[in-house]
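Working notes for the structure below.
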Amino acid sequence: MKKIYDIKGMTCSMCKNTIEKSFDRIEGYFASVNLLENKLVIEAEEISDELIIKLINSLGYEVVFEQNKKKKNLNFLISIILVVILMYFSMGHMFNAYMFNLNHFQQGLVQLVLTILIFYFQRNYLSSGFKALKSLKPNMESLVFLSVSSSFVYSLYVLYKLSQNFHNYHLYFETGAMILVIVAIGKYLENINKLEATSAISKLLNLKAVKANLMIDKDKTEVVAISSLKPGDMILIKAGETVPIDCEIIKGQAEIDESLISGETIPVFKQEKDQLIGGTINLNGFLIARVTVKDSDTVLSGIINTCQEVTMKKLPIEKFVDTISSIFVPMIIFISIAVFIAWFLISKDFEVAFNYALSTLTISCPCALGLATPSAIVVATGMLSKEGILLKDSNILEKAHRIKVLLVDKTGTLTENKMEVVNYNFIDSKDSVIVAAIEKNSNHPIAKSVYEYFKAEDFEFDQVIEHTGMGIEALKNQDHYLLGNKKILDKFNINYDKKIVEEALSNAYTSLFFVKNNKIRGNIYLSDIIKKSSYSAVKQLQQKGVEVVMCTGDNKKVAVKVAEKLGINKYYSEVSPEDKYLLTKEYKKQYLTAMVGDGINDAIALTEADISFALSSGSDISYSSSNVLLLKNDLTDISYFIDISKITIKIIKQNLFWSLFYNSLLIPMAAGLFSAYGIHLDPMIAAVMMSISSIVVLTNALRIKRIKKERKETVMELKVVGMTCSHCEAAVERIFKKHGIDAKASKQHSNVVFESSNDIDLIIKEIEEFGYKVEK
Ligand code: ADP
Ligand code: MG
């Protein structure tokens, strides 16, 4: 069985290690700690709560049970009810409400009891404010503590006066209680948001297995905790099990569900030598695999860690808020004291002076300031992670809305991770086996497609070297092989007939040359499949004023075709990884430049860009060189990200303005500067005003949720054969127009691209009636 515990008191990865290690000693128990959510996952045959509580306590941490959380919510609810009753007793007399025949003093006593109860239920906030004050590092909670306690102490004095039948005094019990409850409401809302933000991460965490079947010898396995696995260990993964850790298949084959990591819903077939990612699911095979990394270095841990950092790291704007409040809070305390002394000297009346001082302290309680940035960031990152957009660093949220140029890689980024082999020719047909065997060693989308097309039998090379952006080189005994584009031919000084090569490059396909011992012995032609989402992505980005620039290592013909289809005006073809880097650097001089890519060949450009996006279908190195990971491999997510960034920054600015200026503007009024004109701010009203600003800030942050993803047009393509001139194109386009659909026909590509439609069968019929041939 598996059981999850909430643990209190963990702060860093040392805590995680301590707890996980201590379970190693208990037989049959497997433990895994998640710091972000403060959770401990235990797997064992029979789990004893008692044992776990004892162990956790002995390490200095605490197990929090569900009841405690429920109790917290109950406390919160009771406090609100108590405040409402308290308000009835404190303000009811203004409306001639029924007071149960109690006199003033008795009413005051009821208020005292209610207030003490509320303090009891909200004691956490009071004590943390007091602690900060005591250590001379006053924070926002200290201001809450000060205004709550001073109004309480003063009210005790008033209560004493009431008992002596002096009736000219006003009680302030409800002011303190209100402030406290309002702050609690703020915290409560904040927690709800935080939960939402972490839910995407917890989905990932649930993927993580806790134990693995370690092979100790040929036919004996032992169940061990993942944290104890080392690279090189052999493990056994049965059908239906989660792959426990990143590893390489040594024996067996299976279909693997990688959907939660890559967003790809179709299972991927994996066999010997293929890499498995921990957290994916073995659907149907029996696999023996070799562990390749430590538990802490897996792809999944990497993703989880970066998410963790994002939620913990502070934005520059947030640091600014911290600095302000570290000045603001002592200043407010000082001002309140000054107000008290000034009014005491003027009026010689303790009550008047206290009234003004308390109002000042209350109104300036900058709870709103503390909420201004985090509330917006939490809502925004929560929304993004729901869409599978994971930030490594929340700073990027501050920059993304200013993106002017987006450099986009073609293969695997704008186009699908897979290509179609459309044609090939080899002098010796056996060469196709060698070609497939070479490509088996590479992770490039071309390599995977070629390998799957020709499928190699066992064919081992002595050495295989990948030449990024050009192709691949292999050695076996005395034989030297090359497979790649014209660049690799030039690099190895291959003598070739210019005409033949030019002819091979004259069609709009990705053309590969196969070279054996310095002689070209074959060609392979591959065609791109543009991702459906790329059409909408380019359009949406361009509408936002982002210039989309395509850069590809592929040949010019292919680049032109893809760029034209997608409506990209600027493109660079046959660029090397260094060219991509230089290009990024050049654009960066003038514009805020972002880059999105998937390959090893994009890594240095990604590092150089102001903001960089990597696709989860891409290579690990492109992920580690970028700031944002797009789990769904969908470029419309970049456009969505920009929208979220824009609104988040706007909301943060509004919130800061509101919480700083609103409060500061009211301070002079609270201090009694305008009392000559009869303008006062009662402490009670001040508390309400103060809370209004917190609520405004929070609800303002929730407005980010209104940003919806732009509708993706489902773009479709039909092959139309037989169009010979621009009139033909126009005729086909007119048929679509008649059905209210924008379409673009091209005689050159024998196709028509359009937004999806229900009438499609009808349209096809009409096109065919015109005399063209349609292939779906
Ligand atoms: P892009 O920039 O569009 O992602 P790459 O820079 O990754 O493209 O690749 C550029 C070109 O290099 C490919 O079009 C292909 O001709 C060649 N190439 C790269 N890797 C390989 C490989 N593993 N096998 C064959 N050709 C390759
Ligand atoms: Mg690529």
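Numbers here simply count residues along the sequence, with the first being 1. Below, all heavy atoms of this structure are taken into account, side chains as well, without hydrogens, waters or symmetry copies. Whatever order the structure lists them in is the order used to number ligands and atoms, beginning at 1.
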Can you pull out the closest protein heavy atom to [atom]? Residue, atom name and distance to 0.1 Å, please.
atom	value
atom 25 (C) of ligand 1	Glu439 OE2, 3.3 Å
atom 1 (P) of ligand 1	Asp409 OD1, 2.9 Å
atom 7 (O) of ligand 1	His444 NE2, 2.5 Å

| message | Using a 4.0 Å cut-off to any heavy atom of Thr411, which atoms of ligand 1 qualify? | response |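 With Thr411 as reference, the close atoms of ligand 1 come out as 1 (P), 3 (O), 4 (O), 8 (O).
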| request: Please check if the distance between the ring centroids of Tyr424 and Phe454 is under 6.0 Å. | output: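 Under 6.0 Å, so yes.
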| request: Please state whether the separation between the Mg ion (ligand 2) and some N/O/S atom of Thr411 is under 2.8 Å? | output: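 Yes.
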| request: Tell me, please, if Asp598 has any N/O/S atom, main chain or side chain, under 2.8 Å from the Mg ion (ligand 2)? | output: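 A backbone or side-chain N, O or S atom of Asp598 is under 2.8 Å from the Mg ion (ligand 2).
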| query | Hey, is CD on Glu248 packed in by over 12 heavy atoms from elsewhere, all under 6.0 Å? | reply |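 Check passes, neighbour count above 12.
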| task | Count the heavy atoms belonging to other residues, nucleotides or ligands that lie under 6.0 Å from NZ of Lys709, then report whether that count exceeds 12. | result |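 Yes, enclosed.
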| Short side-chain donor-acceptor distance under 3.5 Å, Asn425 and Tyr525 |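 No.
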| task | Using the six-membered ring wherever Trp is involved, compare the ring planes of Phe492 and His480 and label them parallel, tilted or perpendicular (cut-offs 30° and 60°). | result |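 Taking His480 first and then Phe492, their aromatic rings sit tilted (interplane angle of 30° to 60°).
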| Any N or O on Asp602 sitting closer than 3.5 Å to an N or O of ligand 1? |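 No; every N/O pair is 3.5 Å or more apart.
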| task | Using non-hydrogen atoms of the residue, decide whether Lys580 is closer than 4.0 angstrom to ligand 1. | result |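 So Lys580 counts as touching ligand 1.
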